[in-house]
Amino acid sequence: MPTIDATRLLKDLRELARIGAYKTGVHRPTYSADDMTARHWFATRLTEAGLQPKIDGIGNVIGRSAAPGPKLLLGSHLETQPHAGWLDGALGVIYGLEVARVLGQGIEVGAWADEEGHFGNFLGSRSFVRGIDPAEIARTVNRHDGGKLADALAQAGLAGRPRARLDPARYRGYLEAHIEQGDELDTSGLRLGVVTSIVGIWQYAIRFEGVQNHAGTTRMAIRRDAGVALVRLAGAIEARFPQVGGPRSVWTTGRILLEPGAPSIVPGAAEMLFQFRDADPARLAAMEQALEALVAEANAGPCSVALTNLSRSTPKLMDAALQDALERAAERNAPGMHIRMPSGAGHDAQIFAEALPAAMLFVPSIGGISHHYAEDTRDEDIVLGCQVLADAAAEILGGG
Ligand SMILES: [Zn+2]
């Protein structure tokens with residue numbers, strides 16, 4: 001089996017982390033000056049590895065191989081969340097580079113733009129796998145400052161470049177390594193996770209209509225307080241969902257608004273944004289049914305309650321044969337120190353799974369911390385993960 005160069009791998013990760021460094025982490029939003037510096041830096045590394053890199057019209061950096069024969073695609077993303085960690089995305093991209101250096105011309109590597117969603121969701125991988133409508137580019141704006149995507153692309157020097165498209169026939173599959181971002185591996189003392197599926201996320205807006213009135217003169221008995229109705233429903237969800245959710249289900253009220261939101265006014269309206277996640281479609285449907293029943297109960301009270309679904313993404317299964325290859329490589333390198341697990345976070349691999357056999361490998365996040373500058377993984381786990389990815393890639397390319 002091929003042996004990766006641990007020193008070279010860690011040196012590249014640390015060098016990349018200096019671009020947009022923030023405290024012990026990185027601040028590299030999509031298409032910012034630092035993000036583009038990182039993309040060009042990575043393209044240079046791909047050239048040194050013997051690949052032919054291109055930065056396409058959406059900012060994807062793709063290193064192609066000129067050699068004949070079967071190919072395997074490896075990758076992840078280079079941009080970061082605001083003031084976030086040094087490994088989220090970067091780990092999988094640099095693993096791809098190192099595996100290409102070790103295995104040679106069968107490996108191609110991609111850094112998919114804006115996985116972190118500063119502008120859209122999975123902009124780069126969707127553009128590559130499905131193609132992206134120019135009308136979407138024209139209407140998309142930056143979530144944080146409202147700036148237009150088209151202007152950001154022009155500023156980044158990407159305007160007018162063609163957007164690369166996936167040729168599924170070219171590849172045996174897509175592999176993405178990533179930090180776990182949760183604490184399951186770290187807490188259990190395990191070192192590798194073979195991802196079975198990427199969860200579906202179902203999102204809702206729940207709107208409460210009551211009667212706005214004076215907080216001093218309106219007697220409690222006659223109030224129709226939309227804020228109270230919201231809090232009661234949120235409490236009822238917390239009481240009910242543990243019974244309908246599975247062992248890995250998660251649910252979150254991420255935002256609550258009271259209108260008009262003043263100390264001396266009984267809220268006349270209120271809104272909450274609610275989501276849940278699970279890898280099992282039947283479980284997701286059961287949770288939606290439970291939510292509908294709770295909303296119907298709440299609607300029988302003094303305020304009217306309306307439930308609106310905002311999105312339902314389907315769970316994406318990872319390819320069984322690729323999972324097996326990752327598991328065999330994990331067992332060779334770290335016997336008994338790996339598990340199969342679903343991913344509670346979204347990743348580019350879920351987009352690739354629409355067109356190619358796709359699979360993911362997780363390494364532990366210390367304390368389960370991610371999307372924060374304190375995010376970290378032990379050096380020995382970083383090195384082990386790359387070796388396992390290289391072994392699995394060699395087996396996948398070698399077989400047949
Ligand atoms: Zn990520």
Side-chain angles (χ1 to χ4, degrees), residues 12-13 16-17 19-20 22 24-32 34-35 38-39 42 58-62 73-97 109-129 143-144 174-186 192-195 197-201 250 277 279 313 316 318 341-353 358-377 381-382 385-386 389:
D12 279 343
L13 278 167
L16 175 56
I19 307 172
Y22 171 82
T24 57
V26 176
H27 179 69
R28 217 160 48 214
T30 315
Y31 310 129
S32 62
D34 282 332
D35 177 52
R39 289 179 199 280
F42 182 59
I58 201 77
N60 290 333
V61 189
I62 304 165
L73 186 60
L74 269 49
S76 195
H77 60 95
L78 281 170
E79 80 283 336
T80 71
Q81 286 283 332
H83 306 122
W86 70 298
L87 292 171
D88 182 353
L91 180 99
V93 170
I94 300 301
Y95 274 16
L97 171 68
V109 190
W112 319 112
D114 204 34
E115 189 273 346
E116 294 291 9
H118 293 274
F119 289 87
N121 287 318
F122 306 109
L123 211 49
S125 51
R126 279 196 296 120
S127 169
F128 188 59
V129 174
R143 251 168 228 204
H144 313 290
Y174 173 76
L175 290 183
E176 179 167 357
H178 205 279
I179 53 168
E180 183 203 341
Q181 301 182 281
D183 72 341
E184 182 161 347
L185 292 174
D186 194 39
L192 297 153
V194 176
V195 176
S197 59
I198 298 175
V199 296
I201 308 176
V250 288
R277 306 182 183 211
S313 72
K316 290 289 178 345
M318 298 290 97
M341 61 191 295
S343 171
H347 294 289
D348 288 310
Q350 75 195 63
I351 306 296
F352 280 92
M360 289 193 76
L361 179 71
F362 280 168
V363 297
S365 296
I366 297 172
I369 297 168
S370 185
H371 288 186
H372 187 277
Y373 58 80
E375 167 193 291
D376 206 3
T377 296
D381 288 335
I382 293 176
C386 192
L389 190 71

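Residue numbers start at 1 and run along the sequence shown. All figures in this text were calculated on a predicted structure; none of them were measured in a lab. Counting starts at 1 for both ligands and their atoms, in listed order.
- Between H178 and S76 the shortest heavy-atom distance is CD2-OG, 3.7 Å.
- Within D88, the N/O/S atom positioned nearest the Zn ion (ligand 1) carries the name OD1.
- Within H77, NE2 is the N, O or S atom that lies nearest to the Zn ion (ligand 1).
- When distances to the Zn ion (ligand 1) are checked against a cut-off of 2.8 Å, H178 contributes an N, O or S atom below that limit.
- A perpendicular orientation is assigned to the rings of Y373 and Y22, their planes being inclined by more than 60° (bins at 30° and 60°).
- The two residues R39 and D114 have their closest heavy-atom pair at NH2-N, 4.2 Å.
- Without hydrogens or angle criteria, D183 side chain to G367 main chain gives no donor-acceptor distance under 3.5 Å.
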